[in-house]
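Each remark here refers to the structure printed beneath this line.
It should be emphasised that the depicted structure is a prediction, and the values quoted were computed from it without experimental measurement. Order of the sequence lines sets the chain letters (A, B, ...), proteins ahead of strands, with each chain counted from 1.
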Protein chains: 2
Amino acid sequence: MLNQIDQVRRFNRIVSQRAGTLDQSYLGQGRPLGEARLLFEVGHDGGNARELRDRLGLDSGYLSRLLRALESQGMIVVTPSQADRRVRDIRLTQAGTAQVETYDRLSDDLASSILAPLDERQKAKLVEAMAQVERLYRAAAVTVSAESPATADARACVDLYIRELNQRFDTGYDPDTAGPLDDSEFLPPDGVFVVARLDGKAIGCGGLKRLDFQTGEIKRLWVSPEARGLGLGRRLLNELEALARQRGMAKVCLDTSGTLTEAQALYHAQGYVEVAPYNDNPYAQHWFEKRL
Amino acid sequence: MLNQIDQVRRFNRIVSQRAGTLDQSYLGQGRPLGEARLLFEVGHDGGNARELRDRLGLDSGYLSRLLRALESQGMIVVTPSQADRRVRDIRLTQAGTAQVETYDRLSDDLASSILAPLDERQKAKLVEAMAQVERLYRAAAVTVSAESPATADARACVDLYIRELNQRFDTGYDPDTAGPLDDSEFLPPDGVFVVARLDGKAIGCGGLKRLDFQTGEIKRLWVSPEARGLGLGRRLLNELEALARQRGMAKVCLDTSGTLTEAQALYHAQGYVEVAPYNDNPYAQHWFEKRL
DNA sequence: GGAATTCTCTGACTAAAGTCAGATAATGTT
DNA sequence: AACATTATCTGACTTTAGTCAGAGAATTCC
């Protein structure tokens with residue numbers, strides 16, 4: 001454990017030395033870092049002043065001044081938005097586009113310069129390790145929180161869950177057939193609903209309801225396709241099991257379709273064992289149970 | 001290639017976001033980042049004002065003021081050096097040591113917080129990927145340059161090379177037996193000597209001398225134990241081969257002992273084939289050759 | 001239609017970070 | 001001993017980055 005922490009610290013140190021070089025290459029363009037960062041952001045994800053303020057976490061006064069500076073340099077054009085004339089739309093000029101391209105080239109050069117001294121095998125290894133770090137950083141940045149199944153995010157997740165089942169099942173999927181859609185069963189104190197988020201965006205969910213005094217059932221376990229491979233399914237499952245334990249349940253059960261093979265693999269890996277059908281869900285071909 | 005660069009850029013972006021958090025945790029201690037960084041540096045690698053100025057790349061006036069600030073906070077004691085009373089020795093006070101420990105704890109906490117949301121397998125994977133990135137960053141930071149075999153660094157490398165052979169050979173190793181130690185054969189235009197450095201420190205070397213019009217011989221190929229696993233042997237070998245090509249040589253050869261199995265593996269992997277003895281070096285059991 | 005809210009802008013600040021030109025004292029060089 | 005060099009310090013300065021308190025216009029809410 002201590003060794004792991006040391007490794008993380010060493011990693012942070014070395015990598016931010018390199019990242020420092022990147023900042024310097026921005027500075028080298030004769031423009032303060034704050035301006036360069038803003039210009040870069042406008043160039044890549046665009047948007048209006050409010051969005052930029054949120055994304056970069058800037059004070060509105062400060063942002064206003066930065067915009068004025070970039071405008072007077074002829075990098076951007078700021079105009080009141082059509083839809084809401086309080087907000088300002090920001091657009092790159094030709095010169096601004098050229099400048100952003102220069103920054104891009106600098107970033108590319110820096111990336112190349114890291115790779116350049118390595119042979120092909122080492123390059124491939126480094127890039128793979130970077131991808132791994134990135135993936136796991138993303139996994140670590142996911143938050144899971146209990147909330148009402150009626151929140152906008154929770155509803156959105158369940159909608160996507162239903163849409164996906166409808167696509168994957170040969171017969172389609174009608175949630176009412178599987179049992180009436182009743183949010184209240186996922187409400188405390190007996191039930192609970194959890195939503196996973198990455199950078200504020202909902203990317204997964206899961207619900208726990210009480211079947212009887214000692215049994216909970218897990219339903220609506222779903223992970224957004226873009227977030228798969230982060231171990232999030234396992235994490236949601238563990239979270240729901242912990243919540244079941246808190247509610248004094250001695251076991252949890254769940255059902256699943258034969259089509260969802262990756263889900264079955266997850267349940268097996270997490271210690272679930274297949275049991276006889278405990279309900280008559282027409283979409284279910286497998287029933288699982290785990291003692292807590 | 002383009003994908004690799006994109007991956008490197010994505011990696012830099014994500015990782016420096018995290019590194020930003022680290023800076024913030026420094027700032028959270030009610031001390032400006034510059035002071036905190038200096039204190040941290042004094043605490044870990046110590047040294048006098050000049051060394052710190054070099055390491056952190058600070059202006060001497062700026063450093064002086066930072067030192068004065070830390071001194072007045074009771075974190076450090078600044079005294080004229082015994083050896084040269086122009087330079088200032090810097091020492092942590094008890095309070096300074098305590099403060100550095102606090103920073104250490106904060107860094108540990110940050111590292112833990114990155115790992116915390118992950119399960120054991122993910123933690124292990126992340127740490128392994130970080131170690132890989134670190135290792136390859138180090139490999140990429142190595143420079144190889146041709147220079148006289150008489151420079152201090154070159155001599156130091158050859159000394160360590162000889163000492164190592166002396167340890168690893170059952171019979172010991174006396175460089176004079178293997179052929180007279182004659183630096184001049186590694187001098188241009190016929191020969192060349194290269195030294196590898198990491199962060200200014202010599203960590204490897206290799207020499208090329210001319211045997212006849214079309215043949216070069218590679219000798220004194222050595223990589224410091226601390227730098228092994230970075231692919232440096234291969235890189236030095238390639239570098240020397242390129243220099244041989246520049247000199248119009250059609251092939252290079254080399255000899256090695258049976259004890260140095262990892263060296264033999266390297267030669268095989270780099271396209272060298274074993275040939276009949278071309279000299280009577282008593283320490284050699286294998287002779288290799290490669291067409292260029 | 002009036003009040004509350006939202007978005008942006010301006011003026012007036014501050015702290016941090018760093019630069020530059022000497023001044024001073026110690027050390028090297030010849 | 002004279003001169004050059006080095007290490008540090010001080011004063012005076014600038015730039016960058018950011019904060020805060022309103023003001024004004026547009027929009028939303030009731």
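B:Arg65 comes within 4.0 angstrom of a base, heavy atoms only. Contacts of A:Gly34 with the nucleic acid, taken as non-hydrogen atoms under 4.0 Å apart, involve only primed sugar atoms and P, OP1 or OP2. Note on B:Asp84: only backbone sugar-phosphate atoms sit closer than 4.0 angstrom, heavy atoms only; bases stay farther off.
A residue-by-residue look at A:Glu35 and A:Ser60 shows that A:Glu35 has its nearest nucleotide of DNA chain D further toward the 5' end. Along DNA chain D, the nucleotide nearest to B:Leu67 and the one nearest to A:Gly61 differ in position, and the one closer to the 5' end is contacted by B:Leu67.
Electrostatic pairing of A:Glu147 and A:Arg197 counts as a salt bridge here, judged by a charged N lying under 4.0 Å from a carboxylate O. Using a 4.0 Å cut-off between a side-chain N of Lys or Arg and a carboxylate O of Asp or Glu, B:Lys201 and B:Glu226 qualify as a salt bridge.
To the nearest angstrom, P of C:dT14 lies 16 Å from CG of A:Asp59. Regarding A:Gln82, its CD atom lies at a distance of 18 Å from the P atom of C:dC7, rounded to whole Å. Between A:Arg50 atom CZ and D:dA26 atom C1' there is a gap of 14 Å when expressed in whole angstrom units. The CG atom of A:Asn48 sits 17 Å away from the P atom of D:dA26 (whole-angstrom rounding). Taking atom CZ of residue A:Arg31 and atom C1' of nucleotide D:dT15, one finds them 16 Å apart after rounding to whole Å. In this structure, the CZ atom of A:Arg68 is 17 Å from the P atom of C:dC7, given to the nearest Å. For the pair A:Arg53 CZ and D:dT19 P, the interatomic distance rounds to 13 Å; values are reported in whole Å. Distance, A:Leu66 CG to D:dT15 P: 16 Å, rounded to whole Å.
B:Gln132 and A:Glu128 are not linked by any side-chain donor-acceptor pair at a separation below 3.5 angstrom, with hydrogens and angles left out of the test. No hydrogens or angles considered: a donor-acceptor pair under 3.5 Å links the side chains of B:Gln73 and B:Glu35. For the 3.5 Å distance criterion, the side chains of A:Arg37 and A:Tyr103 fail to qualify, holding no donor opposite an acceptor.
Side-chain N/O atoms of A:Arg85 include none lying less than 4.0 angstrom from OP1 or OP2 on C:dT8. Between B:Arg88 and D:dT8, a side-chain N or O to OP1/OP2 separation shorter than 4.0 Å is absent.
No hydrogens or angles were tested; on distance alone, a donor-acceptor pair under 3.5 Å links the side chain of A:Arg86 to the base of C:dT6.
Of the candidate nucleotides D:dA17, C:dT8, D:dC9, D:dA17 has the atom nearest to the side chain of A:Tyr62.
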